[in-house]
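Just below is one structure, and these are the notes that go with it.
The chains referred to below are lettered A, B, ... by the order of the sequence lines, with proteins before strands, and numbering in each begins at 1. The model shown is predicted, which means the values in this text are computed figures rather than measured ones.
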Number of protein chains: 2
Amino acid sequence: MARHARYDRKVALEKAVGLFWEKGYHGSSMKQIEHALDMRPGSIYATFGSKDGLFSEALASYAERGGREMAAHLEQYDSIVDGLQDYLRTIAASCGPDTEAPSRACMIVKTLLESSNTHSELAAQANSILAAIEHALKAALEQAKGRGELLSTADCSRLARLIQAQIMALRAMAERGLTSEQLQALGDDMAAILDGYRTHH
Amino acid sequence: MARHARYDRKVALEKAVGLFWEKGYHGSSMKQIEHALDMRPGSIYATFGSKDGLFSEALASYAERGGREMAAHLEQYDSIVDGLQDYLRTIAASCGPDTEAPSRACMIVKTLLESSNTHSELAAQANSILAAIEHALKAALEQAKGRGELLSTADCSRLARLIQAQIMALRAMAERGLTSEQLQALGDDMAAILDGYRTHH
DNA sequence: GTGGTAGTTGAATGGTCGCTCAAAAAAAGG
DNA sequence: CCTTTTTTTGAGCGACCATTCAACTACCAC
């Protein structure tokens, strides 16, 4: 038949995530993208259609990875609430001043704030991802409630949004460059919020 | 001597805040700025030096206004903690889906996330503003502690950061376009966090 | 009125933006 | 080897970017 593709789509997307997560949509030029992916414009456009298309796929890829990591984390715990509390502490620990990740803040939140009034398609995508995460949190909380971990008065929808807000804020605060002690303390304080919704306490 | 300036510096800055808050730094072109300020490039550059200079002044202006509003709000309350709790609820109420403000999210946070890896000067400015707000919150909390509103075990520095995180997250969540009921409930839940640090409870 | 001065104007600048496409290169079948 | 098919290449596109500056305008002092 013909020539093989020199580039692995998934590998290229990972590199795109790295750049976009770090610099945002407007902050990443095609020149920088070409360099980050080690691809020439023609190949990028043949593969991803446009800068928007590439960003959209990169964001989806980032979200999927994040979702997998969260699910994997929660599976390690017998108590769902324990798992959620430790998830917050883990984020605090991994977003410290010497992280090797492209950015400490969440790429989904960065995208939402950057594009909400300039690029409604991207904002809608970020929104639907956040809605999906919120839904997953709610489902986990309802399971916890069914197991008797949470007070019967607890509203799982509201609590899911409260927890999501903590995650968003924790990672945004990490972008401020706090010390790892300060960030860890913040993670602890956020985890402690959940104690107020637990049974036998 | 000579001709009067046709433009009021403060009025022009207000308009710049409106545009930059809505679209961000990279999302606002000089064309749009010229239109928003009703000024031609020469006048803009003569007055503010550069796009960066204008943005920087706009951000400072926004922060000063926000600081004044927060201080004015807290003065209305006898109890500082009551004031802080109601401040969160007020933000939730004023960031609803039908706000007339340029954006629901905080311009300082938007700037921090947008520029942290592309424009270190702006990020540093956003950082120092957030540090000042954190410091003001800490001072208010220490005063509250002195009045016996807070548990003696409460760490005012940590609590200040926890509250600042709530404000940041509340306004970022507002950008998701939640219903006003959902947003109000989130504000209530965040305010309730402070109950855990209060005395006689 | 007139001169001097500060403020405004907008065409024009060099650069970069996202993107295209004709040509070259690389693999597979014959 | 040559043909066919797919991919890569990179010069080049028009548009728009932030910015400049010489000409122009409006005001005040005299």
Side-chain angles (χ1 to χ4, degrees), chain A residues 1-59 111 114-115 117-123 125, chain B residues 1-59 111 114-115 117-123 125:
Chain A
M1 296 284 177
R3 185 176 180 175
H4 318 301
R6 222 195 65 185
Y7 306 111
D8 182 345
R9 203 165 204 286
K10 287 185 182 175
V11 172
L13 266 180
E14 285 294 309
K15 293 176 181 170
V17 167
L19 179 64
F20 283 134
W21 186 6
E22 183 181 355
K23 312 246 190 195
Y25 178 83
H26 292 294
S28 306
S29 71
M30 280 306 299
K31 245 289 137 85
Q32 294 173 301
I33 292 168
E34 291 167 32
H35 182 257
L37 306 199
D38 189 28
M39 289 172 76
R40 260 40 64 197
S43 296
I44 296 173
Y45 280 84
T47 311
F48 300 106
S50 65
K51 184 186 173 184
D52 286 46
L54 175 59
F55 188 95
S56 176
E57 287 200 45
L59 184 62
T111 301
E114 181 183 357
S115 67
N117 295 303
T118 54
H119 225 125
S120 57
E121 279 188 18
L122 286 184
Q125 187 182 350
Chain B
M1 296 285 180
R3 185 176 182 175
H4 317 303
R6 221 194 64 179
Y7 307 111
D8 182 345
R9 203 165 205 285
K10 288 185 182 176
V11 172
L13 267 179
E14 286 294 308
K15 293 175 181 171
V17 167
L19 179 63
F20 283 134
W21 186 6
E22 183 180 354
K23 312 244 191 196
Y25 178 84
H26 291 294
S28 306
S29 71
M30 282 305 299
K31 259 275 149 73
Q32 293 173 301
I33 293 169
E34 291 167 33
H35 182 258
L37 307 199
D38 189 26
M39 288 172 76
R40 260 37 65 198
S43 297
I44 296 173
Y45 279 83
T47 310
F48 300 105
S50 64
K51 184 186 174 185
D52 286 47
L54 175 59
F55 188 95
S56 176
E57 287 201 46
L59 184 61
T111 301
E114 182 184 355
S115 66
N117 294 303
T118 53
H119 224 125
S120 57
E121 280 188 17
L122 286 184
Q125 187 183 350

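Rounded to whole Å, atom P of D:dT8 lies 10 Å from atom CZ of A:R40. A straight line from CD1 of B:I44 to C1' of C:dG7 spans 14 Å, rounded to a whole angstrom. Rounded to whole Å, the distance from CD on B:Q32 to P on D:dC16 is 12 Å. Atoms NE2 (B:H26) and P (C:dT16) sit 15 Å apart, rounded to a whole Å. Protein atom CE of B:M30 is 17 Å distant from nucleotide atom C1' of C:dT16, rounded to whole Å. At whole-Å resolution of the value, CZ in B:R9 and C1' in C:dG7 are 14 Å apart. Between the P atom of D:dC17 and the NZ atom of B:K23 lies a distance of 12 Å, rounded to the nearest Å. If you take NE2 of B:H119 and P of D:dC17, they are 17 Å apart, rounded to a whole angstrom.
The pair B:D38-B:R6 counts as a salt bridge, with a side-chain nitrogen and a carboxylate oxygen less than 4.0 angstrom apart.
The phosphate of D:dT9 has OP1 or OP2 within less than 4.0 Å of a side-chain N or O from A:Y7. The shortest distance between the side-chain N/O atoms of B:Y45 and the OP1/OP2 oxygens of D:dT19 is below 4.0 Å.
Ranking D:dT19, D:dT25, D:dC17 by closeness to the B:E34 side chain, first place goes to D:dT19. The B:P41 side chain lies nearest to C:dG10 when the options are D:dT25, C:dG10, C:dT20. The side chain of A:S29 has C:dC17 as its nearest neighbour among D:dA18, C:dG7, C:dC17.
One cannot find a donor-acceptor pair under 3.5 Å joining the base of D:dT7 and the side-chain atoms of A:R6.
At a threshold of 4.0 angstrom between heavy atoms, the contacts of A:S43 include nucleobase atoms, whether or not backbone atoms are also involved. At the heavy-atom level, A:T47 lies nowhere under 4.0 Å from the strands shown.
Mapping A:H4 and A:I33 onto DNA chain C via the closest heavy atom, the residue that lands nearer the 5' end is A:I33.
Cation-pi check for A:K15 over A:Y7 is not met; the charged atom does not lie both under 6.0 angstrom from the ring centroid and within 45 degrees of its normal.
Heavy atoms from other residues, nucleotides or ligands lying under 6.0 Å from CD of B:E121 number 12 at most.
Between A:V11 and A:L37, the closest side-chain pair of non-hydrogen atoms is not below 4.5 Å.
Distance check, rounded to the nearest 0.5 Å: OG1 of B:T111 to NE2 of B:H119 gives 11.0 Å.
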